[in-house]
Structures are given as C-alpha cells and as structure tokens.
Amino acid sequence: QVQLVESGGGLVQAGGSLRLSCAASERTFSSYAMGWFRQAPGKEREFVVCISRTGGNTVYADSVKGRFTISRDNAKNTVYLQMNSLKPEDTAVYYCAASPQWMPIAIYDYSYWGQGTQVTVSS
C-alpha cells in the first residue's frame, strides 16, 4: 500500500508560480510511474502530467505544456510539480497518483492516490 501526501497548494495571482510536492511512504517508490491530475469544481478529474520511474520520460497535457514541469527525486520518495505562469483556469484540487504502468495517462491506470491539495489562481 502506497500512501501519498501532497503539499504546496495555495492562493496565487495569475502569472504567479507554485510548487507542489507529493511524498510517498513506499520504499519502492522508484517502481512506480507518477502522475498529477486535477479536478475543478463541477468538472471531471483530468490528467495533467506523468513521469516515468526513472524520470527520464514525461507526458504533459496540452493545457499545461511549457508552463508546468514535473520532476522526481527517488532518493526522497518525492515527486514535484513546478507550476509557472498560472492562469485562473488552473484553479483546481491537484492530486498525485502512483501507477505500475509505463507511462500512464488514464485515471484507471493509477493504483494509489493522494488526498489532494487546493490550488487557487486569482485574476
């Protein structure tokens, strides 16, 4: 059982930056691809980005490409999401998730989820 705990959310003005972190309890963290999803009020949870087990491969949603950067530190069992040039439409609860799949982009590919952290971008 992998436990994931997100942190780093908050309120920021449009154009600002935030860095989210997701700490995993599992020593076998490097065995999982990691992803970030988000869910805005009244909308379905959507894929944001994923990173492979070693960090050598990433896939981004078009909506965040060029603004968000995912990275991971397997020695610290942590995955990060650097969010720059934030827009009001980025407002959502952000979830990190772990998957045994290679490069998972679908919700059903993920086995473990964090509790989420709120990101609010004001205009």
Side-chain angles (χ1 to χ4, degrees):
Q1 186 79 5
V2 179
Q3 293 184 330
L4 302 172
V5 179
E6 302 99 333
S7 61
L11 173 64
V12 64
Q13 289 187 332
S17 299
L18 281 175
R19 188 193 196 203
L20 306 183
S21 299
C22 174
S25 63
E26 184 62 40
R27 287 186 180 181
T28 57
F29 174 74
S30 60
S31 300
Y32 297 91
M34 298 297 296
W36 287 95
F37 288 74
R38 65 187 181 186
Q39 188 166 17
K43 295 188 176 181
E44 294 186 352
R45 192 170 299 189
E46 65 174 3
F47 171 80
V48 176
V49 60
C50 68
I51 188 168
S52 61
R53 296 164 192 167
T54 62
N57 296 88
T58 57
V59 176
Y60 290 87
D62 288 343
S63 59
V64 305
K65 203 172 292 183
R67 300 188 298 122
F68 290 11
T69 302
I70 190 172
S71 61
R72 65 188 295 164
D73 185 340
N74 286 345
K76 296 183 178 180
N77 292 352
T78 302
V79 63
Y80 304 97
L81 183 64
Q82 178 66 43
M83 305 186 293
N84 298 329
S85 302
L86 282 161
K87 305 175 181 180
E89 51 264 43
D90 293 318
T91 295
V93 177
Y94 283 71
Y95 299 89
C96 73
S99 170
Q101 305 294 331
W102 163 233
M103 289 299 290
I105 63 172
I107 289 176
Y108 54 76
D109 286 332
Y110 287 83
S111 303
Y112 304 102
W113 293 83
Q115 82 289 347
T117 185
Q118 176 71 45
V119 171
T120 303
V121 184
S122 63
S123 57

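- Contact check for Y60 versus T69: side-chain heavy atoms found under the 4.5 Å cut-off.
- Considering every non-hydrogen atom in both N77 and R27, the closest pair reads ND2-CA, 4.1 Å.
- Between M34 and V79, the shortest heavy-atom distance links the atoms CE-CG1, 3.9 Å.
- For G8 against L18, the heavy-atom pair with the smallest separation is O-CD2, 3.8 Å.
- Under the 4.5 Å side-chain criterion, counting only non-hydrogen atoms from C-beta, P100 is not in contact with S31.
- In this structure, V119 and L20 have side chains that are in contact, with non-hydrogen atoms separated by less than 4.5 Å.
- Between K76 and F29 there is no side-chain heavy-atom pair separated by less than 4.5 Å.
- Considering every non-hydrogen atom in both M103 and S52, the closest pair reads SD-CB, 3.6 Å.
- At least one test fails for R53 against the ring of W102: distance under 6.0 Å to the centre or angle within 45° of the axis.
- Looking at heavy atoms from C-beta onward, R38 lies out of side-chain contact with V49 at the 4.5 angstrom threshold.
- Distance alone, capped at 3.5 Å, places no donor-acceptor pair between the Q39 side chain and the V93 backbone.
- Residues E46 and F37 form no side-chain contact, since every pair of their non-hydrogen atoms from C-beta on lies 4.5 Å or further apart.
- More than 12 heavy atoms of other shown residues, nucleotides or ligands fall within 6.0 angstrom of atom NZ in K65.
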Side-chain donor-acceptor contacts of residues 80-89 below 3.5 Å, not counting sequence neighbours, with atom names and distances?
unit_1, atom_1, unit_2, atom_2, d
Q82, NE2, N84, OD1, 2.9
N84, OD1, S17, OG, 2.9

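- One distance of note links OG1 of T78 with CG of L4; it measures 10.0 Å at 0.5 Å rounding.
- Residues N57 and I51 fail the side-chain proximity criterion, which asks for heavy atoms closer than 4.5 Å.
- Heavy-atom contacts from other residues, nucleotides or ligands closer than 6.0 Å to CD1 of I107 number more than 12.
- For S122 against L11, the heavy-atom pair with the smallest separation is CB-CD1, 4.3 Å.
- What you find for V2 and A24 is that their closest heavy atoms are CG1-CB, 4.3 Å.
- Note: F68 and Y94 have tilted aromatic rings, judged against thresholds of 30 and 60 degrees for the angle between ring planes.
- Here disulfide (SG to SG under 2.5 Å) pairs that include residues 45-107, with residues two or more places apart or in two chains, are C22-C96.
- Rounding to the nearest 0.5 Å places OG of S21 at 13.5 Å from CZ of R72.
- Not less than 6.0 angstrom separates the ring centroid of F47 from the ring centroid of W36.
- Heavy-atom contacts from other residues, nucleotides or ligands closer than 6.0 Å to CD of Q3 number 12 or fewer.
- Contact check for Q118 versus T91: side-chain heavy atoms found under the 4.5 Å cut-off.
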